[in-house]
Amino acid sequence: MNVNYMYSLLAVVVLFLVSYLGVKVGLAPVFGIVIPYLAVIIFLVGVVRKVMGWAKSAVPFRIPSTCGQQQSLPWIRPNKIDNPFTPGAVVIRMILEVVCFRSLFRNTRNAIREGKLVQEWEIWLWVFALAFHYAFLTVVVRHMRLFTDPIPACIQMVENLDSFFRFEILTNNFQFGLPAVYISGFVLLAAVTFLFLRRVLSPPVRYISLAADYFPLFLIFGIAFSGILMRYFTKVNIRNVKELTMGLVTFHPTIPEGIGAVFYVHLFFVCILLAYFPFSKLMHMAGVFLSPTRNLPGNSRAVRHVNPWNYPVEVHTYEEYEEEFREKMIEAGLPVEKE
Amino acid sequence: MSDLPKPTELISRIDRTTPRTGWMDTPVNIRKGMYCYAANPKSVEYVGLPYPHAWNPIEDDWHLPENWKEIIHEGLKVRLERFRSLKVFMDICVRCGACADKCHFFIGTGDPKNMPVLRAELLRSVYRNDFTTAGKILKRLAGARPMTLDVLKEWWYYFFQCTQCRRCSVFCPYGIDTAEITLLARELLNLLGLNIDWIATPVANCYRTGNHLGIQPHAFKDMLEFFVDDIEEITGVRMEPNFNKKGADILFITPSGDVFADPGTYTCMGYLILFHFLKEKYGLDVTWSTYASEGGNFGNFTSHEMMKRLNAKMYAEAKRLGVKWILGGECGHMWRVINQYMGTMNGPADFLEEPVSPITGTRFENARSTKMVHISEFTADLIKHGKLDLDISRNDNLVVTFHDSCNPSRGMGLLEEPRYVIQNVVRHFHEMPANTIREQTFCCGSGAGLNAGEDMELRLCGGLPRAMAVKHVHQKYGVNMLATICAIDRAALPTLMEYYVPEVRVTGVTEMVANALILPGEGERTTNLRSEPLPGMEEEE
Ligand code: SF4
Ligand code: SF4
């Protein structure tokens, strides 16, 4: 029994019960108003504090990992992106890293087979990590329709792109009037499942995994699952939900009647995720921009980098050196400063 | 190497199944052959590093100061403020495992604590416990654990099983560089006097005499003069290297490993031959220094401060001698220090000129601040401009492959220059598989001060991926020479080759240049710098 994921699963189950039962006993205002506000505050303050904490620490040296030829002689072609020489190239490197997960794309796997070391390209982590993050992003953008009035065109566009299944279903004359199927939700669920299975099935990954790695996965699974449940099965009244969310963003919070408990569970999970975010590894979202091995140009031989805490150190001076070895130096015919 | 298993045995012994107990509950087992001897307190004391004392890694009591936990806690706190890298790397790892099987020590030992992510977790767990809210509240659930003597021993064991090669960092989606974490963890261990002797004593030697072997000035000169004699025998040309010469054009600094041990010595002879050629043909005046007689910076394996203290000699000597700029020899970590730290630590070097090759007129733009040029850049430029007279048939007996040393490839990006040089001085060149060269290169397994004899098993485990790739090209193309631009490689790889691929020998790039170089006034050469017959000269012996 793996305690790490059992505890995490347990935590998410408890959170579910707390919110589900809480709403049943009439605590909807707590789960619909108080906790969301709290969560957003914790999230914002937490993230800002964390990032400021990082920013407060010095970057004493320019230490980029270089993944290609440096800029050198004019006839040697440098790898401008993987070994950026200018700030512009650094920006491109960062964008590719953040948008395409470039380093992860490089991933290989190796094994020893018949006494030989073999390396293979390993793409699945990249595929599912990318799927996970983009699906998540789409879901977040899509949900912005609940917080905006009128709904900006770009959000509607994302929504339309995400839900192109609808057209197919309508032309097939679906008599139940099934709502548009958002691909992102299902992709998110699938990717989370993959990431979880990878964690439990791959022995080395299981070995390095902490409860803190399973917990967000279960939580996100819970969010996606409750979202899908609501949309396709329990059918919450979207107008009431929007009333609640608009109330929150306009600071006139209300609790409309007739929103099912599943919605509050969904919302509560999201709040927990937000509040948990700044204290967890999820901060990699912000940290990736601050990583000194990636966000600096590799030009320290050409442009001097300054260390804010550089202090004088004790060195062994030439005078001390000559003092110790002068006799021997003279004897060996080496030039000296003082005869 | 008598008590070591055969290569096949060593490989079949690698067990990648993970232990039944979680890593926090699996105690460290400090095993013979896998660690280096403790630092000699005299060396620690000589350079004024903290808490010099006698201790033995396999004894229970490490004779630590009473307040050692406080020292570590405070030390970590200071470093978190000084190094954003550390702080960010402590917080953002998602334990995706992309780095896990990228480390040659994990591949070669199967020990899960050699997965870079877990190596970092050893430190991270204590960081969480001491410095994060989640860790303080949730303890183990958040991956936190308090500092104990066992944890400290684990740190020592595994942070001295990392060669700071940075391969893991290439694959990490956030660029988390375990080498950086290792360096800082070693700084913390140094606060308690817990270094290894193969680092501490070279550090003390470098500080005192300028080079890691403690060669005194007259002996340093003697050693180079031995080479001069040898070269005269081989080429019929006598050369007169300059020492500590004021007003020379260029100061040349190379790792002292080249001056001392085979096959580095042949590379050193190569430098002498090249400089003599340039002096005769173009009047270039190069000087060696006995004071700054080490490029390799063992401080890099100790602490940033020590790195700076040792590095300072290069600029100080260039200033004293009044040279125009500095040329650096074939060395791995020396170049990582020059590239990433030197200008910051000991610059600005405004007493030097922006490096321009007086022979070709090439301006080394990429070195305009540090004013230090790598010999491969310098030589590649000379060859490109047709300034060297080369007879490459003299290297026809060589089938060469190139080992990218970790530091120049991943901390600098010096990939094409040495290849260009090699391909212009030998006819037969073959690359190793793409996953094992350039930024994905595998470490020699002995870097970062782990080149000691007593940890031979660790070195052979760590060198396994590199050796396998060499073996591959040996079998496929008949490669018989492994070229490299690092002095630690030249010291470590011959042992590795002898063990896994005995048919392959090791060379520096400049050795091959010098073999091909036609010196003005030379006699007929019948042997190479190793005094072996040149191709076609075998019968005439
Ligand atoms: S690749 Fe990076 S984020 Fe992933 S486990 Fe390794 S250090 Fe952590
Ligand atoms: S820096 Fe190199 S030796 Fe150290 S953990 Fe990473 S891959 Fe392994």
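Nothing here was measured: the structure is a model prediction, and the numbers come from that model. Sequence lines set the chain letters: A, B, ... in the order given, protein chains first and strands last, and positions in each chain run from 1. Scope of the values below: all heavy atoms of this structure, side chains included, with no hydrogens, waters or symmetry mates.
Of the options Q340(B), M412(B), R410(B), a side chain to side chain contact (heavy atoms under 4.5 Å, CB included) to P64(A) is made by Q340(B) and by none of the others.
Contact annotation for L290(A): both backbone and side-chain heavy atoms come within less than 4.5 Å of a heavy atom of chain B. Proximity to chain B involves both the backbone and the side chain of R304(A), based on heavy atoms less than 4.5 angstrom apart. In this structure, the portions of R109(A) lying under 4.5 Å from any heavy atom of chain B include both its backbone and its side chain.
Interface remark: of the candidates M283(A), R199(A), E322(A), R199(A) forms the most heavy-atom pairs closer than 4.5 Å to chain B. Each of F279(A), F325(A), W75(A) has some count of heavy-atom pairs under 4.5 Å with chain B, and the biggest count is that of W75(A).
At a threshold of 4.5 Å between non-hydrogen side-chain atoms, the residues N366(B) and Q70(A) count as touching. You'll find the side chain of S291(A) reaches within 4.5 Å of the side chain of F89(B), heavy atoms only.
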Practice prompt. Show your reasoning for whether side-chain contact (heavy atoms from CB on, under 4.5 Å) applies to R106(A) and V170(B).
Written response: CA-CA 9 Å; R106(A) 262 190 214 113; V170(B) 166; 3.8 Å; yes
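Of all heavy-atom pairs spanning H218(B) and A332(A), the tightest one is CB-CB, 3.5 Å. Here the shortest heavy-atom pairing between V117(B) and I208(A) reads CG1-CD1, 3.8 Å. Minimum heavy-atom separation, Q69(A) to E416(B): OE1-N, 2.6 Å. What you find for T108(A) and F171(B) is that their closest heavy atoms are OG1-CE2, 4.2 Å.
A donor-acceptor pair under 3.5 Å is absent between the side-chain atoms of S85(B) and the main chain of V59(A), judged by distance alone. Without hydrogens or angle criteria, K308(B) side chain to N310(A) main chain gives no donor-acceptor distance under 3.5 Å. Under a 3.5 Å cut-off, the side chain of K87(B) and the backbone N or O of G53(A) do form a donor-acceptor pair. Listed for the D101(B) side chain is a donor-acceptor partner under 3.5 Å among the backbone atoms of N110(A).
A donor and an acceptor atom, one from each side chain of S169(B) and T293(A), are nowhere located under 3.5 Å apart.
Ring geometry for W309(A) against F83(B) counts as perpendicular: the plane angle is over 60°, on a 0 to 90° scale with 30° as the lower cut. The aromatic rings of Y291(B) and H316(A) are tilted relative to each other, their planes meeting at an angle between 30° and 60°.
One finds no salt bridge joining K221(B) and E331(A) here, because no Lys/Arg side-chain nitrogen approaches an Asp/Glu carboxylate oxygen to under 4.0 Å. A salt bridge links E377(B) with R301(A); the closest basic N to acidic carboxylate O contact falls under 4.0 Å.
In this structure, CG in D82(A) is found 12.5 Å from CZ in R438(B), a value given to the nearest 0.5 Å. Taking CD1 of I107(B) as the start and CD of Q119(A) as the end, the distance is 6.0 Å to the nearest 0.5 Å.
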